[in-house]
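We number each residue from 1, following the sequence as shown.
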Amino acid sequence: DIVGWIEVEGTNINYPVLQGDDNSYYMNHNYKKEENTYGSIFLDKDYDWSIPSSNLLMYGHNLQDGSLFHDILNYKDQSYYEEHPIIRFTTDEEDCEYEIIAAFYSRVYYKSEKNVFRYYYFVNAENEEEYNEFVNDAKEASIYDTGKTAEYGDQLMTLSTCSYHTEDGRFAVVARKIEKEQGNN
């Protein structure tokens with residue numbers, strides 16, 4: 001079930017990324033499929049590699065010992081972002097870099113709440129309008145302006161972890177894939 005490897009240089013984020021049939025199994029299982037309270041970093045079950053989908057939506061626990069996605073919370077500080085602006089994601093097919101475009105606090109919203117940014121539902125854009133709405137909402141929610149954005153067609157990545165600023169709190173970072181220039185090996 002390993003689909004890739006995620007790494008942020010200079011942080012504790014350096015892990016295999018798994019994808020299961022649901023979004024709960026890897027909350028409490030490791031890559032060997034052994035029960036483990038820490039769980040794993042995992043890709044949303046709805047991500048479709050055959051398309052590929054618009055957004056690599058990944059989840060990981062925020063552990064007090066600094067492991068898994070704990071370091072994501074450091075992106076609340078712009079200075080941390082400036083020191084760690086790139087997320088590396090490696091698969092069997094490619095070794096890619098993603099530049100962060102937004103970092104924000106959020107929470108899991110009730111179904112009854114209207115006009116809220118449910119970033120955790122966005123895996124594949126139905127159209128350009130839906131894609132642009134997600135990017136604009138992420139930029140608006142961001143704690144600071146990274147000066148970076150994404151355009152329709154850019155592959156996105158969203159990293160999501162628990163945050164204790166509010167009940168069912170979340171903290172997320174959105175990044176966009178940097179296309180490497182051809183011919184400069």
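- Under the 3.5 Å distance criterion, the side-chain polar atoms of Arg170 are left unmatched by any main-chain donor or acceptor of Val108.
- Interatomic distance, Ile6 CD1 to Met157 CE, rounded to the nearest 0.5 Å: 5.0 Å.
- Under the 4.5 Å side-chain criterion, counting only non-hydrogen atoms from C-beta, Val123 is not in contact with Lys45.
- When every heavy atom of Leu73 is checked against every heavy atom of Asn62, the shortest pair comes out as CD1-ND2, 3.0 Å.
- At most 12 non-hydrogen atoms from other residues, nucleotides or ligands lie less than 6.0 angstrom from CG of Asp21.
- No donor-acceptor distance shorter than 3.5 angstrom exists from the side chain of Ser160 to the backbone of Ala172, with no hydrogens or angles considered.
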Practice problem: In sequence, state the C-alpha distance, the side-chain angles, and the governing distance for Thr11 and Tyr80, and then conclude on side chain to side chain contact (heavy atoms under 4.5 Å, CB included). | Solution: CA-CA 10 Å; Thr11 74; Tyr80 187 85; 2.9 Å; yes

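- Contact annotation: the side chain of Phe117 never approaches that of Glu140 to less than 4.5 Å [non-hydrogen atoms, C-beta and beyond].
- The cluster map of Ile, Leu, Val, Met, Phe, Trp and Tyr, joined by side-chain heavy atoms under 4.5 Å apart, puts Trp5 and Ile13 in different clusters.
- The shortest distance between side-chain heavy atoms of Lys139 and Asp145 falls below 4.5 Å.
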Exercise. Decide yes or no on side chain to side chain contact (heavy atoms under 4.5 Å, CB included) for Asp46 and Asn124, but give the supporting numbers first.
Key: CA-CA 8 Å; Asp46 292 332; Asn124 198 39; over 6 Å; no

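- Put simply, the side chain of Glu7 never gets that close to the backbone of Ile87: no donor and acceptor are under 3.5 Å apart.
- Residues Ser163 and Tyr105 have side chains that never bring a donor and an acceptor to within less than 3.5 angstrom of each other.
- Clustering ILVMFWY residues whenever any of their side-chain heavy atoms sit less than 4.5 angstrom apart, transitively, puts Tyr98 in the very cluster that holds Val3.
- We find the CZ-CZ distance between Arg118 and Phe134 to be 14.0 Å, quoted to the nearest 0.5 Å.
- Rounded to the nearest 0.5 angstrom, Ile72 CD1 and Tyr59 OH are separated by 13.5 Å.
- Distance OG1/Thr158 to CD1/Ile100: 11.0 Å, rounded to 0.5 Å.
- Here the NZ-CD1 distance, from Lys148 to Ile178, works out to 7.5 Å after rounding to the nearest 0.5 Å.
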Exercise. Go through the steps to decide whether Ile86 and Glu9 satisfy the test side chain to side chain contact (heavy atoms under 4.5 Å, CB included), and finish with yes or no.
Key: CA-CA 8 Å; Ile86 302 295; Glu9 203 172 309; over 6 Å; no

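- In terms of modelled atom types and a separation under 3.5 Å, the side chain of Ser40 and the main chain of Phe42 share no donor-acceptor contact.
- Remark: Tyr164 OH is packed, more than 12 non-hydrogen atoms of other residues, nucleotides or ligands lying under 6.0 Å away.
- Heavy atoms only, all atoms of each residue included: Ser54 and Ala125 are closest at OG-N, 3.0 Å.
- Every residue two or more places apart in sequence or in another chain that forms a side-chain contact (heavy atoms from CB on, under 4.5 Å) with Leu63 is listed here: Tyr38, His61, Asp65, Ser67, Leu68.
- Looking at heavy atoms from C-beta onward, Lys76 lies in side-chain contact with Ile143 at the 4.5 angstrom threshold.
- Around the CD atom of Glu129, the shell of radius 6.0 Å holds no more than 12 heavy atoms that belong to other residues, nucleotides or ligands.
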Self-check item: Criterion side chain to side chain contact (heavy atoms under 4.5 Å, CB included) on Arg107 and Phe171, from CA distance to verdict
Solution: CA-CA 8 Å; Arg107 66 180 173 86; Phe171 190 82; over 6 Å; no

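- For the atom pair CG of Leu57 and CG of Leu43, the computed distance is 7.5 Å after rounding to the nearest 0.5 Å.
- Under the 4.5 Å side-chain heavy-atom criterion for Ile, Leu, Val, Met, Phe, Trp and Tyr, Val17 and Ile2 are members of the same hydrophobic cluster.
- A salt bridge (charged side-chain N to carboxylate O under 4.0 Å, His left out) with Lys177 is found for exactly one of Glu97, Glu99, Glu94, Glu151, namely Glu94.
- Side-chain atoms of His165 come within 3.5 Å of backbone atoms of Ser106 as a donor-acceptor pair (strictly under, hydrogens ignored).
- Classification of the Tyr119-Phe104 ring pair by plane angle, with boundaries at 30° and 60°, yields perpendicular.
- Across Leu156 and Ala150, no two heavy atoms sit closer than the pair CD2-CB, 3.7 Å.
- Around atom CD of Glu167, no more than 12 heavy atoms belonging to other residues, nucleotides or ligands sit under 6.0 Å away.
- Between Phe122 and Tyr131, the ring-plane angle classifies as perpendicular under the 30° and 60° cut-offs.
- Put simply, the side chain of Asn28 never gets that close to the backbone of Gly39: no donor and acceptor are under 3.5 Å apart.
- The aromatic rings of His29 and Tyr25 sit parallel to each other, their planes meeting at less than 30°, with 60° as the upper class boundary.
- Under the 3.5 Å distance criterion, the side-chain polar atoms of Tyr75 are matched with a main-chain donor or acceptor of His84.
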Self-check item: Verdict with supporting geometry, Asp95 and Thr90, side chain to side chain donor-acceptor pair (under 3.5 Å)
Solution: CA-CA 4 Å; Asp95 186 0; Thr90 307; 3.0 Å; yes

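- Under a 3.5 Å cut-off, the side chain of Asp77 and the backbone N or O of Ser79 do not form any donor-acceptor pair.
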Quiz prompt | Asp1 and Tyr31: CA distance, side-chain angles, deciding distance, side chain to side chain donor-acceptor pair (under 3.5 Å) verdict | solution = CA-CA 7 Å; Asp1 287 347; Tyr31 70 96; over 6 Å; no

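- Across all non-hydrogen atoms, the minimal contact from Ala102 to Ala138 is CB-O, 3.4 Å.
- With sequence neighbours excluded, no residue satisfies side-chain hydrogen bond (donor to acceptor under 3.5 Å, both in side chains) with Ser53.
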